[in-house]
Amino acid sequence: MASATEFFNTWNDGFAKKDSSRLAELLTDDFQFVGSQSTRSRQETLDWTAGGGNGGSKLDNLEVLYENDEMAVVCHSVNSIDLGEGGVMAVYTKKDGKFSHIRMVRQAL
């Protein structure tokens with residue numbers, strides 16, 4: 001069972017290395033990432049990660065507010081060239097030990 005912390009660290013590492021192969025192992029086939037500006041499928045999320053995110057996205061300051069085998073609620077900071085500094089609140093849904101859905105809201109700081 002993947003944890004929210006493992007997922008967060010793997011995704012951040014994927015942005016930095018422009019490699020989404022480890023992230024792919026943590027996502028269900030029907031994964032969806034729903035953000036404040038767009039919705040991405042599993043493959044679109046992996047491609048975006050392999051491209052470095054929004055101009056070199058960097059995630060930091062993870063706080064896991066709640067987590068069990070079905071979901072996690074987290075807050076963290078994010079910084080990118082394209083969007084600048086922001087704060088994120090997200091709900092991760094889990095299925096069969098992997099992440100199946102993320103609903104994220106980002107606020108510019």
Side-chain angles (χ1 to χ4, degrees):
M1 171 75 55
S3 71
T5 301
E6 177 185 6
F7 180 76
F8 178 87
N9 290 332
T10 301
W11 203 347
N12 198 33
D13 192 50
F15 283 139
K17 293 180 179 176
K18 295 186 177 183
D19 178 4
S20 61
S21 59
R22 285 187 50 226
L23 181 64
E25 298 171 10
L26 302 178
L27 304 180
T28 61
D29 291 340
D30 61 346
F31 173 84
Q32 271 201 323
F33 174 82
V34 180
S36 47
Q37 296 179 333
S38 65
T39 298
R40 292 182 175 94
S41 68
R42 179 182 194 272
Q43 190 58 54
E44 289 168 334
T45 300
L46 295 172
D47 292 346
W48 176 61
T49 301
N54 294 324
S57 294
K58 178 162 178 17
L59 310 175
D60 204 3
N61 303 314
L62 175 67
E63 182 177 355
V64 179
L65 302 174
Y66 177 80
E67 183 168 19
N68 65 20
D69 291 345
E70 297 174 352
M71 66 173 297
V73 178
V74 303
C75 294
H76 63 82
S77 60
V78 63
N79 199 344
S80 69
I81 294 169
D82 294 351
L83 298 175
E85 191 173 347
V88 169
M89 178 132 198
V91 175
Y92 302 167
T93 304
K94 302 176 188 182
K95 182 169 55 174
D96 300 325
K98 295 184 177 186
F99 292 89
S100 61
H101 187 265
I102 293 177
R103 175 70 171 120
M104 183 270 299
V105 177
R106 182 186 193 280
Q107 176 65 45
L109 297 177

Can you find a heavy atom in the side chain of Leu26 that is under 4.5 Å from one in the side chain of Glu6? yes
To the nearest 0.5 angstrom, please state how far the CZ atom of Phe33 sits from the CD atom of Glu44. 11.5 Å
Quick one: are Asp69 and Met1 in side-chain contact, heavy atoms under 4.5 Å? yes
Pairs meeting criterion salt bridge (Lys or Arg N to Asp or Glu O under 4.0 Å) with involvement of residues 55-64, two or more places apart: none
Is the distance between the ring centroids of Trp11 and Phe99 less than 6.0 Å? no
Please answer: with hydrophobic residues joined when any side-chain heavy atoms are less than 4.5 Å apart, are Val91 and Phe7 in the same cluster? no
Across all chains, not counting sequence neighbours, the side-chain contact (heavy atoms from CB on, under 4.5 Å) partners of Ser20 are Leu46, Thr49, Ala50
Could you pull out all residues at least two apart from His76 that satisfy ring-ring contact (aromatic ring centres under 6.0 Å, His included)? Phe8
With Asp47 via side-chain hydrogen bond (donor to acceptor under 3.5 Å, both in side chains) - residues at least two apart: Gln43
Atom CG of Leu23 and atom OG1 of Thr45: how far apart are they, to the nearest 0.5 Å? 8.0 Å
pair Val88-Cys75: side-chain heavy atoms closer than 4.5 Å: no
What's the verdict on side-chain contact (heavy atoms from CB on, under 4.5 Å) for Thr93 and Glu70, showing C-alpha distance, side-chain angles and the deciding distance? CA-CA 6 Å; Thr93 304; Glu70 297 174 352; over 6 Å; no
Please name all residues satisfying side-chain contact (heavy atoms from CB on, under 4.5 Å) with Ala16, sequence neighbours left out, ordered by chain then number. none
Phe31 meets the ring-ring contact (aromatic ring centres under 6.0 Å, His included) criterion, sequence neighbours left out, with none
Once salt bridge (Lys or Arg N to Asp or Glu O under 4.0 Å) is applied, do any residues pair with Glu67, and if so which ones, sequence neighbours excluded? Lys94
Side chain to side chain, Met89 and Val74, heavy atoms closer than 4.5 Å: no
What residues form a side-chain hydrogen bond (donor to acceptor under 3.5 Å, both in side chains) with Asp19, not counting sequence neighbours? Ser21
Set of side-chain hydrogen bond (donor to acceptor under 3.5 Å, both in side chains) partners for Arg22, sequence neighbours left out: Asp13
Step-by-step side-chain contact (heavy atoms from CB on, under 4.5 Å) determination, Arg42 to Thr28: CA-CA 8 Å; Arg42 179 182 194 272; Thr28 61; over 6 Å; no
Within the structure provided, determine whether Met71 and Tyr92 are in side-chain contact (heavy-atom separation under 4.5 Å). no
Just do the side-chain contact (heavy atoms from CB on, under 4.5 Å) check on Lys98 and Leu27 with the steps written out, would you? CA-CA 5 Å; Lys98 295 184 177 186; Leu27 304 180; over 6 Å; no
Any side-chain heavy atom of Leu62 within less than 4.5 Å of one from Thr5? yes
Pairs involving residues 99-109, ordered by first then second residue, that meet salt bridge (Lys or Arg N to Asp or Glu O under 4.0 Å) (sequence neighbours left out): none
Among residues at least two apart in sequence or on other chains, which ones pass side-chain hydrogen bond (donor to acceptor under 3.5 Å, both in side chains) with Asn68? Tyr66
Who pairs with Lys95 by salt bridge (Lys or Arg N to Asp or Glu O under 4.0 Å), at least two apart in sequence or on another chain? Asp30
